Amino acid sequence: MYLVLRHQTYWAFYDVPPSLRKAVGRQRFYENLRTGDLGQARIKAAVCEAQWLAAIERARRGTDITEETAFWRQRLRDCKTDEERDWLQERILDAGSKHAGMDWHEADEPGNEAGRDALDRFVSMAMGGLVPFAEHLDEYLATVSGGIEAKSLHMKRTNLVRFGKLFEHTADVERTAVQRWANAEVGNGAARATVLRAIGDLRGYWKFLVSVNAAREHPDPLDKLSIASANSSKSSKADARKAFTAADVRNLLAEARKHGDDELSDLIELGMWTGARREELCALRVEKVDLKAGYFEVEDAKTEAGWRQVPIHSKLAPKMRRLVKASTDGYVLSGLPANKYGVRGGAVGKRFARLRQSLGFGPQHVFHSVRKTVATLLEDAGVPENVAADILGHEKKTMTYGLYSGGTSLKTKRAAIEKLDYGRDRGGLQAGRRR
């Protein structure tokens, strides 16, 4: 970049590399800096240079409106004078016009509706009206990382990322919409404590966004939310889910194998010997399985207690070895399609629903019922509740075990999980036909 003084006014110039001139759409960037003071010219030129270099880099990788508008928002936050802000706002209009493919003076003319919408969106994002919800996430987490454990920090990030996929911009975060989100979370089976924990994470992040002028302070969209209690009708419906009998689980597995559905039979087999949730198993990556030590790690679970090491039952070990060795995408259950939120268990979950319906099971029996079966079998085998809780990833309510204990040892959990026994007979199928 270089400066040229013309008629007592400085101009900034930057030559575009020849190989990128077609992609950028020009041979040279230039800007009237509107000052004869060399110091002021250098400050303004630095802003221009950063923008031009970003435009050249985008030409190499493709256009990204998110990055460019973030650049302008930061420049506006750094403004020291009204004159500098006015100058930057004019440049934002010029940059938005290039994205819209027209001059901003022509935006209100008939026939320019699409271009005007593109320009309005660019300007709104650049001036802070539309700030991507997750834009300051890394910056925020860095400010809190020193005071919490790595596992809790990861859970906090997970909650905020999941929320940001539904609320793309901070302007989308309105109290009514957040209330609907909370209701949906409870309605989909999330525990009230889980939703409250996520809201607590959101409140902390929202205060940070307000502090960096990336979100509004009033009205607070996270204030006065009403979260359904544990005895609400939705929660009661979820709690009404029933456990399969051991024979029912055997029949489900046999039926999945009979239909040649390897993915579903693998999921059932993993579930019946571990008690893990469907999505915990579908999201389980190969590197989280320690075949030598005989356990796998569950991460990114619904609750903090869900982060755990689960022993691999001796009857599951051969299957686990084959799945790990055969994986082509890094997941133990390889090849499952993910939806737009990264959830991999949706399609196989629907196949399980059709399978259990074909065997006569009603809505109270779902894949989560296999988890209830494991809990029942552990209780029948005399496994202490605190040990079963650590295997299944349940919170322990007592102060001694829940607050002070570091958790059951892997050796103790392995001895407990080896007590799972589904028997050998083929009975129980008719029992499954009761709705």
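Note that the coordinates shown come from a computational prediction; the quantities given were computed from them, not determined experimentally.
The aromatic rings of Phe133 and Tyr205 sit perpendicular to each other, their planes meeting at more than 60°, with 30° as the lower class boundary. Between Phe352 and Phe367, the ring-plane angle classifies as perpendicular under the 30° and 60° cut-offs.
Of the options Val332, Val286, Leu270, Val289, a side-chain contact (heavy atoms from CB on, under 4.5 Å) to Phe296 is made by Val289 and by none of the others. Of the listed residues (Leu222, Ile199, Asn183), just one forms a side-chain contact (heavy atoms from CB on, under 4.5 Å) with Val178, and that residue is Leu222.
Ring centers of Tyr140 and Phe208: under 6.0 Å apart, within the cut-off.
For the atom pair Glu31 CD and Glu90 CD, the distance stands at 9.0 Å (nearest 0.5 Å). With values rounded to the nearest 0.5 angstrom, Glu297 atom CD is found 5.0 Å from Gln309 atom CD. With rounding to the nearest 0.5 angstrom, the OG atom of Ser369 is 10.0 Å from the NZ atom of Lys242.
One finds no salt bridge joining Arg277 and Glu279 here, because no Lys/Arg side-chain nitrogen approaches an Asp/Glu carboxylate oxygen to under 4.0 Å. A salt bridge is defined here as a Lys NZ or Arg NE, NH1 or NH2 lying under 4.0 Å from an Asp or Glu carboxylate O, and Arg42 with Glu49 fails to meet this definition. The pair Arg216-Glu174 does not count as a salt bridge, with every side-chain nitrogen at least 4.0 angstrom from each carboxylate oxygen. Using a 4.0 Å cut-off between charged side-chain N and carboxylate O, Asp223 and Arg203 make no salt bridge.
Under a 3.5 Å cut-off, the side chain of Arg34 and the backbone N or O of Trp11 do not form any donor-acceptor pair. Between the side chain of Asp329 and the backbone N or O of Gly335 there is at least one donor-acceptor pair closer than 3.5 Å. Distance alone, capped at 3.5 Å, is enough to place a donor-acceptor pair between the Asp172 side chain and the His169 backbone. Proximity of a side-chain donor or acceptor of His394 to a complementary backbone N or O of Asp390 within less than 3.5 Å is not detected. A donor-acceptor pair under 3.5 Å is absent between the side-chain atoms of Arg371 and the main chain of Gly271, judged by distance alone.
Both tests do not hold together for Lys315 against Trp273: distance to the six-membered ring centre under 6.0 Å, angle to the ring axis within 45°. In this structure, Arg356 fails the cation-pi test against Phe361, since its NZ or CZ atom is not both closer than 6.0 Å to the six-membered ring centre and inside 45 degrees of the ring normal. The side-chain tip of Arg91 points at the ring of Trp87 from less than 6.0 angstrom away and within 45° of straight on. Figure legend: cation-pi geometry between Arg75 and Phe71, with NZ or CZ positioned under 6.0 Å from the six-membered ring centre and within 45° of its axis.
Between Val249 and Phe244, the shortest heavy-atom contact is CG2-CB, 3.7 Å.
Looking at heavy atoms from C-beta onward, Leu202 lies in side-chain contact with Trp181 at the 4.5 angstrom threshold.
Legend: residues meeting side-chain contact (heavy atoms from CB on, under 4.5 Å) with Ser314, ordered by chain and number and at least two apart, are Glu418. Partners of Arg21 by side-chain contact (heavy atoms from CB on, under 4.5 Å), not counting sequence neighbours, listed by chain and number: Val16, Pro18, Gln27.
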With a cut-off of 3.5 Å and sequence neighbours excluded, list every side-chain donor-acceptor pair involving residues 343-351.
{"residue": "Arg344", "atom": "NH1", "partner": "Cys282", "partner atom": "O", "Å": "2.3"}
{"residue": "Arg344", "atom": "NH1", "partner": "Leu333", "partner atom": "O", "Å": "3.3"}
{"residue": "Arg344", "atom": "NH2", "partner": "Leu333", "partner atom": "O", "Å": "3.1"}
{"residue": "Arg344", "atom": "NH2", "partner": "Leu336", "partner atom": "O", "Å": "3.4"}
{"residue": "Arg351", "atom": "NE", "partner": "Asp261", "partner atom": "OD2", "Å": "2.7"}
{"residue": "Arg351", "atom": "NH2", "partner": "Asp261", "partner atom": "OD1", "Å": "3.2"}
{"residue": "Arg351", "atom": "NH2", "partner": "Glu263", "partner atom": "OE1", "Å": "2.9"}

